[in-house]
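Notes to accompany the following structure.
Numbering of ligands and ligand atoms starts at 1, following listing order.
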Amino acid sequence: MTEQLPRSLSTNPGVPPQPAPHATPPTLGPLTAEELQLSARNHSMPLEALQRDITPPGLHYVLTHFDIPFVDINSWHLRIGGAVERSVELSMAALRRDPMISIPVTLECAGNGRSLLTPRPLSQPWVLEAVGTAEWSGVPLAYLLAQAGVDSDAVEVLFTGMDAGVQGGVPQRYARSLPISEAMRPDVVLAYAMNGSELPPQHGYPLRLVVPGWYGMTSVKWLESIQVLRQPFEGFQQAVAYRYQEDADDAGTPVSRIQVRSLMVPPGVPDFFTRRRNVPHGPVLLQGRAWSGEGAVKRVEVGIDGKWSDAQLKPPAGPFAWCSWSLPWVADPGEHELSCRATDSTGAVQPLEQNWNYQGLANNQVQRIAVTVD
Ligand SMILES: Nc1nc2c(c(=O)[nH]1)N[C@H]1C(S)=C(S)[C@@H](COP(=O)(O)O)O[C@H]1N2
Ligand SMILES: [Mo]
């Protein structure tokens, strides 16, 4: 075997430094202070919010890698350039004069389910609730790209946020790209409003990308620049992070669309500290939501002590919004375990066991809720 430089010290010109995605390998140990710090900044959606079609901003999950930028709207502009016929700079006032679309979209963080993994990749330690559904309004990206005139040899579109930091030893602005074909979809939106109001600071004020069906990392917040590229983007959040890898040396494959998942509103009332549920005996309506970025949700099954029954589905508010499901249950006294699992139109079904990979991405294993019925 030839001796290898650590990837971060690569001297090959033109090849960006390729640090290991996570300095520390996955762990079996207790939650670390760094994970606690991240989970105090980045909150998930309380599961009782699954009762609502649209998630209010304060309940919608939040994931921010670096700091939330402080933006002066009077000096802010969106720049569109690169492989286009006409580069443009647009103020918010100009963007608001363009055609507007509104679309309900279920966003989910690709790291959702990470803390349930054994061993546990060290990053934002989501449990199950890194999800939310908002109505996003703004200008269709395809409209602006058409105005700029995309060159025929373009392959990707790069979106760069205003937020900067260091990840994996690499100083960077948060940036992600999309293949041209995805960027041209009519439902990809540059949103300046969430649920009919100005974007809140934590959700990307003044402007963010929303790519329906894709995991959240694609939907770049605090958008400042859109560059049309003739070569695929090789930045950190594309080439290193958000890849399904078996181990640190595996180049992996990129994460894109949301894998099928369902969640249940925990029935009854919680114990304050353990969150264990207490449910009075008798009829209870079990309910929740299910979604997939790969296709429509076709089936949700509810498991009661390991026995599965089909729930009833209601149509979603849009093709990229979650659908609600319900199943009546007559709870008899004792200890029970409730779970739910969804199947989408591609035939994909949530696994009962963990979906492990090195970065802890897309772990859509079924939710299990312990309840005490009295
Ligand atoms: N500029 C920027 N955009 C970003 C991020 C970020 O850290 N910076 N995080 C991404 C990730 S990983 C997710 S899951 C979503 C979260 O969007 P939300 O906080 O509005 O729910 O934003 C994405 N867009
Ligand atoms: Mo994310």
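For atom 11 (C) of ligand 1, the closest heavy atom belonging to the protein is Met217 CA, 3.6 Å. With respect to atom 19 (O) of ligand 1, the closest heavy atom belonging to the protein is Lys221 NZ, 2.6 Å. Counting only heavy atoms of the protein, atom 14 (S) of ligand 1 lies nearest to Tyr61 OH, 3.0 Å. Residue, atom and distance of the protein heavy atom nearest to atom 15 (C) of ligand 1 are Gly216 O, 3.4 Å. Protein heavy atom at the shortest distance from atom 9 (N) of ligand 1 is Leu63 O, 3.4 Å. Looking only at heavy atoms of the protein, atom 24 (N) of ligand 1 is closest to Ser219 O, 3.0 Å.
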After noting the C-alpha distance and the side-chain angles of Asp163 and Lys221, does the key distance pass the salt bridge (charged side-chain N to carboxylate O under 4.0 Å, His left out) rule? CA-CA 9 Å; Asp163 51 328; Lys221 304 192 276 189; over 6 Å; no
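Residue His65 has at least one N or O atom closer than 3.5 Å to an N or O atom of ligand 1. Ligand 1 has an N or O atom lying under 3.5 Å from an N or O atom of Arg208, backbone or side chain. Ligand 1 has no N or O atom lying under 3.5 Å from any N or O atom of Thr64, backbone or side chain. Here's the thing with Asp163: one of its N/O atoms is less than 3.5 angstrom from an N/O atom of ligand 1.
Of the possible donor and acceptor atoms, none in the side chain of Arg276 sits under 3.5 Å from a partner among the backbone N and O of Asp271. Side-chain atoms of Arg114 do not come within 3.5 Å of backbone N or O of Pro121 as any donor-acceptor pair. The main-chain N or O of Val297 is never found under 3.5 Å from a side-chain atom of Ser292 such that the two would form a donor-acceptor pair. Between the side chain of Arg261 and the main chain of Glu108, no donor-acceptor pair closer than 3.5 Å is present. Side chain of Gln350 to main chain of Ser262: a donor-acceptor pair is present (N/O by atom type, distance under 3.5 Å, no hydrogens or angles). In terms of modelled atom types and a separation under 3.5 Å, the side chain of Asn363 and the main chain of Gln354 share no donor-acceptor contact. Of the possible donor and acceptor atoms, one in the side chain of Trp325 sits under 3.5 Å from a partner among the backbone N and O of Arg289.
Because its NZ or CZ atom is both nearer than 6.0 Å to the ring centre of Trp136 and within 45° of the ring axis, Arg208 counts as a cation-pi partner of that residue.
In Ala110, neither the side chain nor the backbone holds a heavy atom less than 4.0 Å from any atom of ligand 1. With a 4.0 Å cut-off on non-hydrogen atoms, Tyr242 touches ligand 1 through its side chain and not its backbone. Of all the heavy atoms of Met162, none lies under 4.0 Å from any atom of ligand 1, so neither backbone nor side chain is involved.
Between Glu294 and Arg257 there is no salt bridge, since none of the side-chain N atoms of the basic residue sits less than 4.0 Å from a carboxylate O of the acidic one.
Near His60, with a cut-off below 4.0 Å to any heavy atom, the atoms of ligand 1 are 21 (O). Counting atoms of ligand 1 from 1 in the listed order, those under 4.0 Å from a heavy atom of Val220 are 1 (N), 3 (N), 24 (N). For ligand 1, the atoms lying closer than 4.0 Å to a non-hydrogen atom of Cys109 are 14 (S).
Here the closest heavy-atom approach between residue Asn112 and residue Trp126 is recorded as N-CD1, 3.6 Å.
Using a non-hydrogen distance threshold of 4.0 Å, Tyr215 does not register as a contact of ligand 1.
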